[in-house]
Each structure stands twice: as structure tokens, then as C-alpha cells.
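The basis for the numbers below is simple: all heavy atoms, side chains too, and nothing from hydrogens, waters or symmetry mates. All of these numbers come straight from a predicted model, not from anything done at the bench.
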There are 2 protein chains.
Amino acid sequence: MTRRIPQARDRGIPDATVARLPLYLRALNGMAERGVATVSSEDLALAAGVNSAKLRKDLSHLGSYGTRGVGYDVQYLIYQISRELGLTQDWAVAIVGVGNLGRALANYGGFATRGFRIAGLLDADPQVVGERIAGLVVEHADELESVIKKRGVSIVVIATPATAAQQVCDRVIAAGVTSILNFAPVVLAVPDGVDVRKVDLSIELQILAFHEQRKANGGPIMAEEWPDGVVM
Amino acid sequence: MTRRIPQARDRGIPDATVARLPLYLRALNGMAERGVATVSSEDLALAAGVNSAKLRKDLSHLGSYGTRGVGYDVQYLIYQISRELGLTQDWAVAIVGVGNLGRALANYGGFATRGFRIAGLLDADPQVVGERIAGLVVEHADELESVIKKRGVSIVVIATPATAAQQVCDRVIAAGVTSILNFAPVVLAVPDGVDVRKVDLSIELQILAFHEQRKANGGPIMAEEWPDGVVM
DNA sequence: TCGACTTTGTGCACAGCTTCACAAACAAAC
DNA sequence: GTTTGTTTGTGAAGCTGTGCACAAAGTCGA
Ligand SMILES: NC(=O)c1ccc[n+]([C@@H]2O[C@H](COP(=O)([O-])OP(=O)(O)OC[C@H]3O[C@@H](n4cnc5c(N)ncnc54)[C@H](O)[C@@H]3O)[C@@H](O)[C@H]2O)c1
Ligand SMILES: NC(=O)c1ccc[n+]([C@@H]2O[C@H](COP(=O)([O-])OP(=O)(O)OC[C@H]3O[C@@H](n4cnc5c(N)ncnc54)[C@H](O)[C@@H]3O)[C@@H](O)[C@H]2O)c1
């Protein structure tokens, strides 16, 4: 029942590699803008913040696109990575929950530039519905299924309160969506074949706090027991 | 030079475990609110969306806090995980860059509840400086060092445009900060001992697009070459 | 006190990822 | 054509994380 998604093993690209390809792509685009024609694995790795051997192995999963003694052709590699990631086509994205976060996402220009087109904004609050944000009119959450089907939405961003997230999730999956980006602090239950990626800012801060504490104390304090006054 | 941060290996908690502790904590808090007194690894694992053996192994790194035949005391475990993560103390957080995203973060109530207190909002735009957001007045980015020192800021959130991120990063590190949460789409260069966690929405979408494409085509299309008209 | 039952904590095998190190491949110069 | 120099692609080793499976440790009822 709680089977994990082995995904991406289809014809072989490791998940860890897939997660880094966008990083390489970004570095390559920066180089292309600066007119760089070819780049060595060493330089590209530096720009992407990874080990050069890892970079080469990652790229080798896509094919043999480098030239020994020279490096990689920047434009060609951009094309190959884009194709592998599916960025040569446009993706219609819907944002459900147009509050603080949903608004920020809708107003953000950085998505369209990578082939992610915001095709719908949905909210349950009548006060928000009808509002115009970034050239789109917010629609009522009741229209969810119809918006998804009508506009060919294949990726849904959930930015509702945690309490509504699972319900929204169930509905978009029923409507045929299999890719979800979740900002609500809940573990979404989804059937096999559906990909959920979560962005959880509280968790990130808590991980930072852990390391920060470790840095402050030279190791964990030896107060393993309950503090005074706390009963078990 | 590009040495990785082995961090957290100090007295042994694996990084993967640290990343999951906040998840357990969240599930436990939900249970505590519903009045649950004890919980088995099986049930907690289900709530957190992980394997129960993994959960037990994770918790075993903190100590032997369970009772065989019974499970874990919810309150006690909440306390132990909180302590391990450093959440028994308050952390002062500053947000640099009060645009779309910075505003959403400042207005978000979910941080304060976990001991992360927003202690400063900073922006370089004179139009934004002076604005009051979530009870705080936005200060000028020039005040960065002074705000950090005066208010004991130990975690900085960077929500500036990508072009300003590295510069802001350098300044906060010079001011003594060693924990950074970065939203700008750049790989920040930092010295050893500084922890950077990044949240990159474009990358998340690109990973989803990759899997979505794989699901659409039953495997990758066999057009490995350049499309017509593209020259190398 | 004892035995039946439950659940933890962990040894172990394995799967995946990272890194090193180097042969093979190619370019360029002569 | 040969040599010199550079950089890729990858075998192999090591490391980290996962999950099974089970003994040990505890509860609880009789
Ligand atoms: N704002 C942040 O910086 C931040 C940070 C971390 C996590 N989050 C999480 O992201 C989510 C959104 O945060 P926010 O600050 O934008 O919250 P918000 O309350 O400002 O916005 C939520 C929006 O969702 C709408 N909504 C509620 N139920 C809905 C439904 N069933 N269908 C469609 N829309 C619905 C509400 O009307 C509201 O407009 C929350 O789960 C929050 O925990 C936000
Ligand atoms: N908004 C989103 O949903 C979103 C999504 C993904 C990534 N991002 C990234 O997050 C960052 C912020 O995004 P945004 O939409 O809020 O951008 P924004 O342009 O709305 O806000 C950026 C703010 O930073 C301020 N700023 C610029 N230089 C500064 C400096 N040196 N010191 C302090 N403040 C400075 C600007 O005045 C502005 O107010 C960007 O890097 C963006 O790429 C945003």
C-alpha cells in the first residue's frame, strides 16, 4: 500500500541525476548568454556546484555528448538536457489556493521562461475569485475539474491551507493529473503513478536550526532527561 | 576547496534522519492535539509517510525512547525531537528581499509557531523600505549587519533577485551568520562551516516535467538527434 | 510467577550514489 | 603521421541509506 515510486528507472536515469539536470541547464544557459561555445566538465561542475566526475557520469546517462580533449558544446548540451527534461514542450500549470504564497507564485516571471505556463488560478474564497492577478482571473475552486480538462493542465501546484490540501489533491488526481507540487505542510496520500514533490519551508528551517545548534554547542548538550517540572 | 559539509556527523545523526525528524514532529503534534498518549512506530510511520523500520532506526539515533510492547510516549518524543532539532530555543530570522516571495514569507504565520521569530525585514528598494508588513517595518539593506548583530539573527532567508543573492550572502556571512535559506536560483559559494539550504521551485517543476514526459511517452522518444534546422 | 502477546531496537544484506583514477579518444602542433 | 596534451566516459571501490527479519524487552492477564 505504501509502495514507493521507483519512477524514472524506466530506461535508466537515476533520480539523483534528474534532480541535478536543471542545475546544469541553468549554468549552461548563463554560459550561453555570455557567448561561451564549449565547456569542460570541470568548469561546468564548478558553476553548478558539484564534483566534475559526478557531472560527467550524470551526462553520460543522457548519451555521449562530449568531445574528449575539448568538452561539451554548450548549445547542444542545452538542447539535449532540455529534451530529456521535457522542456521542449510547454506545460500548463494550475495554482490552487491564491493566498500569500499562491499570489507570489502567480506573479513570478521565472516559470514562463522555462516553459511552464500558468493556465489557471483557483481559490475557494468568493472574495478572491474574480480578482485579476498576473493577467489571469482567479476562478472558483468548483471549476477545478473543468479548468484542468479544458486547458490541458498537467501539473498542479497546491498552495491551500493544510486542511484543504488532501481534498484538493484527491480532486485533481480524479481529474487525471499525475504531477503535483505541494506547499501545504501535510503528507499527501496518492495512488501509485502520481508524483508529488513537496516544498516545506518549515522543515528547511528546522534542519538549519539543527545544524546551527550543533555549531553553537560543540556537540549536543548532555541533558538527555526532561527539564524540571515536566512530567511524563 | 569545494569540500562538502560532512556536518551532522558530529556525534552521529545521519543527514537523512535529520531531514525526517521535522516530519515526525509534525505528525506527533497532530496526535498530541487529538489527545493521543502513545503511538507505535507503525502508526507514526504511516502518519509521516515512511517505512516503520526506518522510523525506528531514525528514532534510535536520538536514544532509546520507546517502550517495547507499547510504543512511544507522544509528549516525551515531541520533547526529545524538539530538543534534538534545537526547537526548544527561539531562533531570530531575517528576511532579505521583500518582494513577492519575501512578503508571503513575512505574512506566513507558520514559522512563529515553531520557534522561528522574524526579527527583521530588509530591502534595497527605497519604495519598500519603511513599509509595515506583519507588524515589522522594512529596513534598508544597508542596515543588514547592524540588524543581524543587534537582534541576534542566526538564520537569514535570501529572497532577493538572483543577481543580488551572492552579494547578500557574502555580507551576512561576514556578519557572522552561518545558516542561510536561499530562494534565489543561484548556487551560492560559501566557506566551510556555513550551511546553505536552497528552495528552488523551477527545479521542482522541471523534475515533475521529466516524470510527466516519461509517463506520457512509454519511454523516451528515439529522436536523439537535433531537430531539422538546428545547426551545431 | 508465568506465559502469551506486542513492539522496539538492530544486525545484516543490498541498493543507490559518490568519488577516484585511468584508459581511451580526440585535437592540435609540428 | 606521430607526438603531446587535454578531457571524456567509466570500472571499481567506498559510503550512505533502506528495509527485512528477528531476538530482546517489555506489557498484561491469569
Ligand atoms: N506563505 C508562506 O510563506 C508559506 C510558507 C510555508 C508554507 N506555506 C503553506 O502554503 C500554503 C498556503 O499558504 P498561504 O500563506 O498562501 O495561505 P493563505 O491562507 O494566505 O492562502 C490560502 C488560500 O487558499 C484558499 N483555499 C482554501 N481552501 C481552498 C480550497 N479547498 N480550494 C481552493 N482554495 C482554497 C484560501 O481561500 C486562501 O486564499 C499553506 O498550506 C501554508 O502552510 C506558506
Ligand atoms: N515569487 C516566486 O514565486 C518565486 C519562485 C521561485 C523563485 N523565486 C526567486 O525568489 C527571489 C525573489 O522573488 P520575488 O518574486 O519575490 O522577486 P521580487 O523582485 O518581487 O522581489 C525581490 C526584492 O528584493 C529586493 N532587492 C533587490 N536587491 C536587493 C539587495 N541587494 N538587498 C536587499 N533587497 C534587494 C528588491 O527591491 C525586491 O523588493 C528571486 O530570486 C526569484 O527568482 C521567486
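Put simply, the side chain of A:R68 and the base of D:dT8 share a donor and an acceptor less than 3.5 Å apart. With hydrogens and angles ignored, no donor-acceptor pair closer than 3.5 Å exists between the side chain of A:K57 and the base of C:dT18.
Taking OG from B:S40 and CG from B:L55, the interatomic distance works out to 9.0 Å, rounded to the nearest 0.5 Å.
Nucleic acid contact for A:A16: sugar-phosphate only, since backbone atoms but no base atoms lie under 4.0 Å from a heavy atom of the residue.
In this model, no donor atom of one side chain and acceptor atom of the other lie less than 3.5 Å apart for A:S154 and B:E212.
The shortest distance between side-chain heavy atoms of A:R214 and B:I13 falls below 4.5 Å.
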Verify ring-ring contact (aromatic ring centres under 6.0 Å, His included) between B:Y72 and B:Y65, making sure each step is shown before the conclusion.
CA-CA 7 Å; B:Y72 300 88; B:Y65 297 142; 8.7 Å; no
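In this model, the phosphate group of D:dT18 is approached by a side-chain N or O of B:K54 to a distance below 4.0 Å at OP1 or OP2. Of the side-chain N and O atoms in B:S41, none sit less than 4.0 angstrom from OP1 or OP2 of C:dT7. Residue A:N51 places no side-chain N or O under 4.0 Å from the OP1 or OP2 atom of C:dC17. Taking side-chain N and O atoms only, B:Y72 has a distance below 4.0 Å to OP1 or OP2 of C:dG9. When the side-chain nitrogen and oxygen atoms of A:T67 are compared with OP1 and OP2 of C:dC26, none of them lie within a distance under 4.0 Å. In this structure, A:R20 reaches the C:dT18 phosphate: one of its side-chain N or O atoms is under 4.0 Å from OP1 or OP2.
Comparing A:R56 and B:G71 by the nucleotide of DNA chain C that holds the closest heavy atom to each, the one mapping nearer the 5' end is B:G71.
Between D:dA21, D:dG9, C:dT18, one nucleotide has an atom nearer to the side chain of A:S64 than all others, and that is D:dG9. The side chain of A:P14 lies closest to C:dC17, out of C:dC22, C:dC17, D:dG19.
Distance A:D58 CG to C:dC17 C1': 10 Å, rounded to the nearest Å. Going from atom CG of A:D73 over to atom C1' of D:dT7 covers 15 Å, rounded to whole Å. The CG-P distance, from A:D15 to D:dT18, rounds to 13 Å in whole Å. B:D43 has its CG atom 8 Å from the P atom of C:dT7, to the nearest Å. Look at CG on A:L62: it is 15 Å from P on D:dT8, rounded to the nearest Å. A:L59 has its CG atom 13 Å from the C1' atom of D:dT7, to the nearest Å. As rounded to whole Å, 14 Å separates atom C1' of D:dA21 from atom CD of B:E42. One atom, CD1 of B:I13, and another, C1' of D:dG17, lie 15 Å apart when rounded to the nearest Å.
Of the residues listed (A:L25, A:T38, A:L44), the one engaging A:L77 in a side chain to side chain contact (heavy atoms under 4.5 Å, CB included) is A:L44, and it is the only one.
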